[in-house]
Each structure stands twice: as structure tokens, then as C-alpha cells.
Amino acid sequence: MVVAAPAGVREDSVYDRRMGRHAAIAALLAGAAATVAAPTARADDAALTAILAKVDAAAKEVSKIRGLPLKKPVATEILDRDELRARVVAQLSDARSQAQLAATGLVLARLGEIPPGTDYQALLVDLLTEQIAGFYDPATKKLALSRAANLDDANWADMVLAHELDHALQDQSFDLHKLFDLPPGDGDASAARHALVEGDGFATMIEVALAHKGATVDWSNAEVATVIDKMMEQGAAGCAPHDTSCTASAFDRAPLAVREALIFPYRAGFKLVAALRHRQAWSAVDAAFRRPPRSTEQVIHPERYLAGDEPVAVQLDRPPSLQDWGVGASLVWGEQAFDVFLRAHGVDAAVAAEAAAGWGGDRVLVLTKPSDATPDSACAIARMDWDSEADAIEAAEAATRAVDDLVVGATIERDQARTRWLGLDGTVSWVERKGPSLVMVVGAPAALADSLATEVWALAKTKKK
């Protein structure tokens with residue numbers, strides 16, 4: 001399975017591709033089957049040179065199948081593991097990426113989705129260095145292959161090439177750098193666009209793999225996408241519980257939120273592209289690049305993208321009670337991230353998905369103390385809007401369960417619209433609903449909790465984009 005850079009990685013730089021030992025793709029269509037799992041042994045230079053020798057021919061094949069013009073040849077390079085790691089570090093070192101990484105890591109840490117003290121950037125570098133088999137870099141316009149991945153298998157190499165060459169064609173036709181030129185903090189829209197890019201690459205890879213077997217994809221059959229998605233889900237499961245023969249990779253050991261951020265663009269993006277191709281040609285996907293999805297909600301529910309269901313823009317400024325606190329993060333959470341937050345705190349996956357559905361828009365702030373910028377001392381504030389009051393009720397119930405798991409050893413106060421946790425550390429957390437809107441606060445100073453509760457509702461402004 002191929003996995004993309006998670007939140008905080010600069011999407012206009014390196015598009016990483018992982019097809020790890022634990023992951024598999026299977027397509028059983030028109031009597032043809034294609035199953036690929038990347039071996040873990042090192043590829044020799046002879047094999048890599050042979051692969052690069054057929055890049056021009058492969059690019060023409062991908063261009064024909066995908067229907068995008070090959071405007072110029074795609075340059076290539078080979079990187080060993082150290083060079084790859086250095087490239088990943090370099091791509092995460094510019095000011096914009098550093099700010100995004102810091103904000104994302106702070107949100108995940110404060111909301112208990114990664115262990116305390118986790119170096120989020122170092123975790124990403126380790127994951128990407130371990131998992132990358134090849135990538136296309138829009139900055140250098142080069143397709144790179146990793147010596148650390150075994151590309152001796154011809155079928156496996158063909159799929160890597162098809163996926164990455166599709167990104168090169170996307171870049172030549174739609175300008176990937178421009179596609180990801182979004183305002184800071186709009187990570188949900190960025191994840192949605194990333195899903196379009198990776199879903200297109202994944203679908204193209206499948207078509208190329210099956211074409212080599214003399215088969216085609218019947219996109220008009222909805223079961224096609226369902227079968228492939230199930231195989232992707234099984235491939236992403238990692239080591240089974242109590243399987244002593246399976247050695248867990250860094251990806252397997254990573255927190256749920258990080259794994260899901262890596263996988264989402266491929267699984268959800270593929271389903272979006274499959275939905276677009278269900279009744280239309282590749283031209284429908286081309287049109288999506290010109291009018292890209294605006295939220296992960298539109299990716300998860302393609303019918304909402306097709307219906308033009310735009311997200312609600314939520315503005316939330318720093319409350320007066322915390323004016324001397326620093327703004328460590330201000331970002332759009334989105335349906336996908338809210339779903340993962342619930343699951344990370346023990347909410348059943350089906351319940352979490354149902355609770356996250358009906359998302360309309362949100363804004364998450366994490367404010368840090370002037371004298372202590374650690375996540376444990378920060379205050380997280382989330383203002384979320386939902387499509388209906390019924391949707392908000394479901395979301396509030398699930399969020400209450402998640403915060404109950406997050407805030408340990410607290411005294412709980414409940415009424416019809418709000419649940420509060422009085423922590424042993426002198427903080428107050430709460431989940432409160434008013435109509436179709438929801439506020440969740442974690443770690444507010446007890447002395448400021450009452451004024452803050454009023455300010456959050458008064459400060460938030462919402463409008464349709």
C-alpha cells in the first residue's frame with residue numbers, strides 16, 4: 001500500500017510512497033488478480049538501472065492509460081537510505097513546514113493522540129525513511145527510487161513507476177505546487193487535495209497493473225472500489241495480535257493518528273476517484289483537479305463533493321481570558337481528524353464514523369502558557385459546527401466519551417447540555433453543545449473556566465465559504 005506525508009509535511013515538496021511488508025494491494029477484476037507486497041531486502045544497482053531505463057516507455061504507457069499528456073521526459077535519480085533520510089529532513093526544514101509540524105504535533109500531544117514527549121518531526125522522519133520506495137518531487141521535477149526498497153520484482157517496480165509517473169503527469173498538467181498553495185492552518189483542505197492526488201495515482205496504478213495482465217477496470221461496477229478498499233484495509237492492519245512471527249515496523253508501532261494520516265489520502269482518495277469514475281471518464285478526475293475538494297468530508301462522502309457541499313468557515317480568536325498565552329496552533333480539524341481523535345480514545349470505529357459524519361466546519365486552537373509551552377500545560381479549544389442538531393448531539397456524546405478517556409482521575413459534573421471534568425491538576429475540561437454547534441475545551445485553568453466558557457461561544461464566527 002502507498003502512504004502519503006501526514007499533516008505537517010509540506011505537500012508541495014516530496015510525495016513519499018510506501019508499500020511496506022505489512023501492506024498489500026489486491027484487485028480482482030475481470031478474472032485478473034494483481035497482488036503486490038514490497039520485499040524488504042535492498043535493491044541492487046543493476047535492478048534499479050534497469051527500472052530507470054524503461055521510465056520513458058512507462059511514462060508513455062501511463063500517459064495513454066490515464067489520459068494526461070506527457071509534455072516532457074521525467075528525470076530520475078537513485079538515493080540510498082542516508083541520502084533519502086537527508087532529503088526528508090531537508091524537506092521538513094523550511095519555516096513553513098516547521099510551523100506546520102510544530103502545530104500538528106502540539107495538537108496531537110495535547111489531545112492525547114501521541115505519547116507525552118514524542119518528537120513528532122523525528123517520528124515522521126523515521127517513518128518516511130523506512131517506508132519510501134520511490135517518490136516524485138515537484139520541486140526538482142525528478143522521480144527518485146530508494147536503494148533501501150527491493151525493486152527487483154518486475155510487477156512491484158512497474159506499480160511504483162506507474163504511481164510516481166502519474167504524479168509527474170499531474171504536475172505537468174495541473175501544477176502540484178500551485179494545487180497545495182493554501183493558507184496556513186487549513187490542513188483539512190490540504191488533506192483533501194492530497195487525497196485527490198494520491199487517489200488518482202492509486203487508481204492509475206491499478207489500471208496499469210491490470211493492463212499488463214490483459215484486463216481492464218469496470219469502474220461502473222461499484223463493487224470494484226469496495227473490493228479494493230477491503231484489501232487495502234487488510235493490508236494496512238500490520239501485525240496481527242499475538243503473531244510472534246511478524247516483526248512490527250516503525251509504521252506498525254506508530255500512534256493511530258499518525259498511521260491514519262499516512263493512509264487516509266490513499267484509501268479515501270481512491271474511493272473519491274472511483275466514485276468520479278463510476279459513471280464518467282478520466283475527464284471527471286481532471287475536472288476535480290480544477291475544482292479540488294475543500295474538506296476531508298467531501299473526500300469521505302464523494303456525493304457531498306459532487307453536490308457542492310462546502311465546509312463552514314469557523315473563525316476563533318484567542319479569548320481575552322488567555323490573552324497572555326501564546327497561540328501554539330490554529331487549524332481546521334475536519335471530519336477525518338475528529339473521527340481519529342474519537343477512535344484514539346476508545347470510541348468504536350463505527351460509532352466514531354457516525355459521530356463525525358455531518359461535520360460542517362471547525363477551528364481548533366491550542367494556547368500555551370507564557371512560562372510553560374509544554375503540551376500538558378496547554379489549553380485546547382475546539383469550536384465545531386454540524387449540519388444539524390441531531391448530528392451535533394451524536395458528536396457531543398462521542399466527544400464526551402473521548403474526553404472522559406483523556407482526562408483521568410477528574411471529578412465529573414453533568415447537565416443536559418454540558419459535561420465538565422474538574423482535574424486534579426487544577427484544570428477544567430468540558431464538552432458543551434448549543435443547537436448544531438459544539439465546543440470542546442481541554443486543560444483550561446480552573447480560575448478562568450467560567451469566563452472562558454462564555455468567551456468561546458461569543459468569539460466564534462461562522463460563515464459558508
*Check whether any side-chain heavy atom of D175 lies under 4.5 Å from a side-chain heavy atom of F289, and answer yes or no.*
no
*Please lay out, stage by stage, how M440 and R383 fare under the test side chain to side chain contact (heavy atoms under 4.5 Å, CB included).*
CA-CA 7 Å; M440 186 180 83; R383 164 63 191 265; over 6 Å; no
*How close do L424 and G409 get, heavy atom to heavy atom, and via which atoms?*
CG-O, 3.3 Å
*asked:* Any side-chain to backbone donor/acceptor pair from E297 onto G360? Under 3.5 Å, distance only.
replied: no
_Check this for me: does any side-chain nitrogen of one of R418 and E413 sit under 4.0 Å from a carboxylate oxygen of the other?_
no
*Look only at the side chain of T427 and the backbone of G423, and say whether a donor-acceptor pair between them is shorter than 3.5 Å.*
no
*Check for a donor-acceptor pair, side chain of D385 on one end and backbone N or O of S437 on the other, with a separation under 3.5 Å.*
no
*Would you call D286-R66 a salt bridge at under 4.0 Å N-O?*
yes
*Mark yes or no: R277 above the aromatic ring of W282, with NZ or CZ under 6.0 Å from the six-membered ring centre and no more than 45 degrees from the axis.*
yes
*With no hydrogens and no angle check, is any side-chain donor or acceptor of T129 less than 3.5 Å from a backbone partner on V125?*
yes
*Ignoring hydrogens and geometry, is there a side-chain-to-backbone donor-acceptor pair from H278 to S220 under 3.5 Å?*
yes
_Minimum side-chain heavy-atom gap R85-D126 below 4.5 Å_ = yes
*So which heavy atom on Q91 is nearest to which on S97, and how close?*
O-OG, 3.5 Å
*Minimum side-chain heavy-atom gap F264-E198 below 4.5 Å*: no
_Between D450 and R420 (salt bridge meaning N to carboxylate O under 4.0 Å), is one present in this structure?_
yes
_Atom of Y305, atom of A287 and distance for their closest heavy-atom approach_ = OH-O, 4.4 Å
*Is there a donor-acceptor pair under 3.5 Å between the side chain of H194 and the backbone N or O of P265?*
no
_Closer than 4.0 angstrom, basic N to acidic O: yes or no for R343 and E113?_
no
*Heavy-atom donor-acceptor pair, S451 side chain to L448 backbone, under 3.5 Å*: yes
*Hey, which of T462, D387, D362 is the one that makes side-chain contact (heavy atoms from CB on, under 4.5 Å) with V312?*
T462
*Looking only at heavy atoms, what is the nearest atom pair of V299 and A195, with distance?*
CG1-CB, 3.8 Å
*Evaluate whether atom NZ of K141 has more than 12 neighbouring non-hydrogen atoms of other residues, nucleotides or ligands under 6.0 angstrom away.*
yes
*Ignoring hydrogens and angles, tell me if any N or O in the side chain of E164 forms a donor-acceptor pair with the backbone of Y136 under 3.5 Å.*
yes
*Tell me, with the steps shown, if Q315 and R363 meet side chain to side chain contact (heavy atoms under 4.5 Å, CB included).*
CA-CA 7 Å; Q315 178 183 335; R363 173 64 59 175; over 6 Å; no
